[in-house]
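What follows is a short report on a single structure.
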Amino acid sequence: MDTLQSFSGEKPTHIAVIMDGNGRWANARGLPRTAGHRQGAESVRRTVKATMKLGIPYLTLYGFSSENWSRPMAEVEDLMGLLRRYLRSELAKFHENGIRLQVIGQRERLPDDIVRLIEDAEATTRDNENLNLVMALSYGGRQDITAAARRAAQAVAAGEFAAEDLDETRLGSYLWTDGIPDPDLLIRTSGEQRISNFLLWQSAYTELVFVEKLWPDFGEDDLADAIREYQRRDRRFGAAADSG
């Protein structure tokens, strides 16, 4: 029986994934790192499909971090080339399957042609409702918060509201994720146990699940296992456990 067809229990509304391990997957096989990234793109397709089968409305994937710009230029160029091909090849499938694509991050740092591809994909899929797929590209959590604080300060300076009226809700509206619910579950592959500057504000009460498997080997069974682990957690959001 299909693992996901038999899946039961309360599911998260929003899953975020740190897709780690492409390079190690390639190195273990004596392949160039680009081969790991290409195989990782296949895992993206599997995960998107599995998320849709489960009826989970939001999926955020950490595709390229602000810190990734410091990688060797050849690898960065290969990653940008892979991103171009992915956007071009997947747009029709996104639209056909009712997937809305949103991109968060410092897109001004991306090549102009990729920004145009992103803008076209976002405009084409804007009204789709089966899955909200959020790609974090040139993204950093600290950069997200800093940019939000800067925009809020500019709004205060412009007289739009008083500084003392700045609260969590208002500041959150300036984040790149405005309108997107905070993730319920964050999965990181490859056995690393840190969140690496990803959705720092948004993950305040997110359940973290760390998976040993490298991202190119991640499949729907692994997604289902992570959700089952999430279901075993007692989410209290800072409240005390019931002592009765």
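This is a predicted model, so every value here is computed, not measured.
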Counting heavy atoms not belonging to Arg142, are there more than 12 under 6.0 Å from its CZ?
no
Ignoring hydrogens and angles, tell me if any N or O in the side chain of Thr125 forms a donor-acceptor pair with the backbone of His95 under 3.5 Å.
no
Please check: side-chain N/O of Asp178 versus main-chain N/O of Leu175, any donor-acceptor pairing under 3.5 Å?
no
Value rounded to 0.5 Å, distance of CD1 in Ile114 from CD in Glu119
12.5 Å
Where Ser43 and Asp217 come nearest, the two heavy atoms and their spacing:
OG-N, 4.2 Å
Of the non-hydrogen atoms in Gly140 and Tyr62, which two are nearest, and what is the gap between them?
CA-OH, 4.4 Å
Any side-chain to backbone donor/acceptor pair from Ser203 onto Leu200? Under 3.5 Å, distance only.
no
Is a side-chain N or O of Asn197 found less than 3.5 angstrom from the main chain of Gly141, in a donor-acceptor match?
yes
Donor-acceptor contact present, side-chain Asp184 to main-chain Thr13, <3.5 Å
yes
Is the NZ or CZ atom of Arg170 both under 6.0 Å from the centre of the six-membered ring of Phe161 and within 45° of that ring's axis?
yes
Please check if atom CD in Glu108 has more than 12 non-hydrogen atoms from other residues, nucleotides or ligands closer than 6.0 Å.
yes
Beyond-backbone contact of Arg85 with Glu90, side-chain heavy atoms, under 4.5 angstrom:
no
N-O pairing of Glu229 and Arg232 below 4.0 Å:
yes
Is there a path of hydrophobic side-chain contacts, each under 4.5 Å between heavy atoms of I/L/V/M/F/W/Y residues, joining Ile227 to Val48?
yes
Just do the side-chain contact (heavy atoms from CB on, under 4.5 Å) check on Leu186 and Val17 with the steps written out, would you?
CA-CA 6 Å; Leu186 190 154; Val17 184; over 6 Å; no
Hphob cluster co-occupancy, Leu82 + Phe64, side-chain heavy atoms under 4.5 angstrom:
no
Thinking salt bridges, do Glu96 and Lys93 make one under a 4.0 Å N-O criterion?
no
Answer whether the closest heavy-atom distance between the side chains of Ser65 and Ser196 falls below 4.5 Å.
no
Does one hydrophobic cluster hold both Leu214 and Ile195, with members joined at side-chain heavy-atom distances below 4.5 Å?
no
More than 12 heavy atoms of other residues, nucleotides or ligands under 6.0 Å from CG of Asp165: yes or no?
yes
Please evaluate residues Lys49 and Arg45 with respect to the criterion side-chain contact (heavy atoms from CB on, under 4.5 Å), reporting the C-alpha separation (whole Å), side-chain torsions for both, the decisive distance (0.1 Å), and the verdict.
CA-CA 6 Å; Lys49 182 178 179 181; Arg45 294 183 179 97; over 6 Å; no
Step by step, work out the side-chain contact (heavy atoms from CB on, under 4.5 Å) result for Leu223 and Ile15.
CA-CA 10 Å; Leu223 179 64; Ile15 296 176; 4.1 Å; yes
From CD1 (Ile104) to CG (Leu137), nearest 0.5 Å:
8.5 Å
To the nearest 0.5 Å, what is the distance between CD (Glu168) and OG (Ser173)?
12.5 Å
With sequence neighbours left out, which residue pairs that include part of residues 122-131 fulfil the salt bridge (Lys or Arg N to Asp or Glu O under 4.0 Å) condition?
Arg107-Glu122
Say you draw a straight line from CG of Asn132 to CD1 of Ile99; how long is it, rounded to the nearest 0.5 Å?
10.0 Å
Any donor-acceptor pair under 3.5 Å from Thr189 side chain to Asp20 backbone:
yes
Closest heavy-atom contact between Ala121 and Leu101?
CB-CD2, 3.7 Å
So which heavy atom on Arg33 is nearest to which on Gly23, and how close?
NH1-CA, 3.6 Å
Verify same cluster id: Val134, Ile56 (apolar side-chain graph, 4.5 Å):
no
Before you tell me yes or no, could you show the steps for Gln39 and Asn22 under side chain to side chain donor-acceptor pair (under 3.5 Å), namely the whole-Å CA-CA distance, both residues' side-chain angles and the distance that decides it to 0.1 Å?
CA-CA 8 Å; Gln39 193 62 35; Asn22 291 344; over 6 Å; no
Stepwise, does the side-chain contact (heavy atoms from CB on, under 4.5 Å) test hold for Leu185 with Leu208?
CA-CA 6 Å; Leu185 167 63; Leu208 309 179; over 6 Å; no
For the side chain of Thr60 and the backbone of Ala16, is there at least one donor-acceptor N/O pair under 3.5 Å apart?
no
Quick check: closest heavy atoms across Leu166 and Ala152, and the distance to 0.1 Å?
CD1-CB, 4.2 Å
Quick one, Trp215 and Trp25 - any side-chain contact, counting heavy atoms below 4.5 Å?
no
Can you name the closest pair of heavy atoms from Tyr174 and Glu160 and give their distance?
OH-OE1, 4.4 Å
Are Ile187 and Ile18 close enough that some pair of their side-chain heavy atoms sits under 4.5 Å apart?
no
Exam field: side chain Lys213 to backbone Ser190, donor-acceptor pair closer than 3.5 Å
no
Side chain to side chain, Met19 and Val44, heavy atoms closer than 4.5 Å:
yes
With distance as the sole test, does Arg46 use its side chain to make a donor-acceptor pair with the main-chain N or O of Glu220 at under 3.5 Å?
no
Ion pair check, Arg228 and Asp225, cut-off under 4.0 Å
yes
How far apart are the C-alpha atoms of Tyr139 and Asp144, what are their side-chain angles, what is the distance that settles it, and do they pass the side chain to side chain donor-acceptor pair (under 3.5 Å) test?
CA-CA 7 Å; Tyr139 177 86; Asp144 190 2; 3.0 Å; yes
Residue pair Met52 / Asn97, side-chain heavy-atom distance below 4.5 Å
yes
Passes side chain to side chain donor-acceptor pair (under 3.5 Å), Asn68 versus Glu75? Steps please.
CA-CA 10 Å; Asn68 286 159; Glu75 183 177 355; over 6 Å; no
Do Phe94 and Val115 sit in the same hydrophobic cluster, where Ile, Leu, Val, Met, Phe, Trp and Tyr count as joined when their side-chain heavy atoms come under 4.5 Å apart?
yes
Would you mind reporting whether Arg188 and Val211 have side-chain heavy atoms less than 4.5 Å apart?
no
Sorted by chain and residue number, the side-chain hydrogen bond (donor to acceptor under 3.5 Å, both in side chains) partners of Thr206 (sequence neighbours excluded) come out as none
A side-chain contact here means heavy atoms from C-beta on lying under 4.5 Å apart; do Arg84 and Pro111 qualify?
yes
I need the Arg116 CZ to Leu87 CG distance, nearest 0.5 Å.
12.5 Å
